[in-house]
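So the structure is just underneath, and the comments pick up after that.
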Amino acid sequence: MKVQEIRELIKLVDQSGIEEFVFESAGSKLKMKKSTGKTTYAATPEAPASNVQHTTQAVQETPKAPAIQEAPVPEAPKSAADDSSLHKITSPMVGTFYQSQSPDKEAYVKPGSKIQSDSVVCIVEAMKLFNEIEAEVDGEIVEILVKDGQLVEYGQPLFLVKPE
Amino acid sequence: MQSSVKHKLLEVFSKADGDFVSGQALADSIGCSRTAVWKHIESLRQEGFELEAVRNKGYRIKSKPDKVSENELLIGLETERLGKHVVFRETVESTQKEAHKIAEEAVEGTLVIAEEQTAGRGRMTRPWHSPKYTGIWMSLILKPDLPPFKAPQFTLIAAVAVAEAIRDTAGLNPEIKWPNDLLLNGKKITGILTELQADSDRIRSIIIGIGMNVNQQTFPEELAGIATSLAIEKGEPVPRAKLVQAILKNMEVYYAEYIENGFGTIKEKWESFAVSIGRQLIARTISGTIRGKALGITEEGVLKLQDENGVIHDIYSADIEIEQ
């Protein structure tokens, strides 16, 4: 990635209402976070994830809760994500996360919902292919790690489950 | 129309064997007024029956609607696997729903097809106008031995298969709007909805739902500006069974191509139908709207959109509108 392109991105993010910004392209990852009115950035090589057979590019707004693969921010409260006894339901593909079948329907699950291995917990959609994600574990939903309508990556944790 | 009344009517016409039946005789046999008979005759016409009415003689059936039942589909089908097993229904809520029920035990290539959907659905469960005998309402079950992230390309593969079937069967040239809507003269002709049943590392089944407007002569007011049919565009009816056979044949060829060689050559074909490439598009997503110029699609079928600041967005999910 060229310095010029990074500069352009900083300018755009700076002018936007986005607080945090992550950009991944061809093995490099760029993360920006606004603080005290200034924009800072850090470019780090992306650790190769195992079993990932394709590279993807994604422009997305990240949620405030730190994603699993990122270094924890000191002031952030200790997330349930750090609890290794919890099972993570991950996304099997890149796409948009939908918590319900359609916007006017109730979410498939909420924190506290009891689930079985064949319970549908969400939909991940890309190019009008709708993938109903099954829990593949019995237990209880502890936390939903992504927002409705958010773009999720291959392998990205979507839910934390307390297994039974 | 109530199916019992219709069955009685068709039975009477069937006994007449092409001869005229008087309006009074029809009224007597179904137990209603002659005005009601006229109404039922009209709804038969809506369903594709050609009915001749002659003063002092009555009515006779000149031709029946073309059908997409198992027999019609299997005669002349040129595939090895796809569509060899047909689940045909006169009326279903949606073929997609039926296909879901049987997907686990169904053999690969099983086709669920119906003459009528009472609750056809599109993206995000939007309803789809699917009256009897006029369109193609089908769901195809595939079981490729692939990981789930290889599945989204099937929606673009289906779009190419259907576009070529329309071109070769009806002689019309549809355009593809990303990722898989088919348009004629800017109006929607076909919608494709694909659903996946998968474990985390392998696909169990892909259910490709295809809804095509074929022989409708009119559309409800709210759809007339945005939807059209092959018959309206061509000026004559198009045989639906032939279209289905062509879709299955193309789908089988490109399915094999994708498994063996990947998306490359299919991407080129997709782009040859995609007139929206190079034009200004509006991409509406659940988290916002992006306007930009369509640069093309990636090897995965992802839309690349360049906004006015030169930033290139990778679009995985959106409703696309072509800016005029």
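Below, read A as the first sequence line, B as the second, and so on, with proteins coming before strands; counting in each chain starts at 1. Just so it is clear, the model here is predicted, and its values are computed rather than measured.
We find the CG-CZ distance between B:Leu193 and A:Phe130 to be 6.0 Å, quoted to the nearest 0.5 Å. Between atom CG of residue A:Asp148 and atom CD1 of residue B:Ile286 there is a gap of 4.5 Å, rounded to the nearest 0.5 Å. To the nearest 0.5 Å, atom CG of residue B:Leu156 and atom NZ of residue A:Lys128 are 11.0 Å apart. In this structure, A:Ile133 CD1 and B:Asp199 CG are separated by 10.5 Å, a value rounded to the nearest 0.5 Å. Atom CD1 of B:Ile192 and atom CG of A:Leu129 lie 12.0 Å apart (nearest 0.5 Å).
The shortest heavy-atom contact between A:Pro92 and B:Phe149 is O-CB, 3.6 Å.
No part of B:Asp307 comes within reach of chain A, as not one of its non-hydrogen atoms sits under 4.5 angstrom from that chain.
Judged by distance alone, with hydrogens and angles left aside, the side-chain atoms of B:Ser317 form no donor-acceptor pair with the main-chain N or O of A:Ala126 at under 3.5 Å. Checking side-chain atoms of B:Thr155 against main-chain N and O of A:Met127 turns up a donor-acceptor pair under 3.5 Å.
Taking B:Pro148, B:Ala151, B:Ala198, B:Pro152 one by one and counting their heavy-atom pairs under 4.5 Å with chain A, the maximum is reached by B:Pro152. Options A:Val124, A:Asn131, A:Ile89, A:Thr90 differ in how many heavy-atom pairs under 4.5 Å they form with chain B, and the most are formed by A:Asn131.
In this structure, B:Glu308 places its CD atom where only 12 or fewer heavy-atom neighbours from other residues, nucleotides or ligands lie under 6.0 Å away. In this structure, A:Lys162 places its NZ atom where only 12 or fewer heavy-atom neighbours from other residues, nucleotides or ligands lie under 6.0 Å away. Dense packing is recorded around CD of B:Glu104, with more than 12 heavy atoms of other residues, nucleotides or ligands lying under 6.0 Å away. Within a 6.0 Å sphere centred on CG of B:Asp201, other residues, nucleotides and ligands contribute more than 12 heavy atoms. Around the CD atom of B:Glu323, the shell of radius 6.0 Å holds more than 12 heavy atoms that belong to other residues, nucleotides or ligands. A 6.0 Å sphere centred on NZ of B:Lys177 holds more than 12 heavy atoms belonging to other residues, nucleotides or ligands.
Looking at B:Arg204 and A:Glu134, a side-chain N of the basic residue comes within less than 4.0 Å of a carboxylate O on the acidic one, giving a salt bridge.
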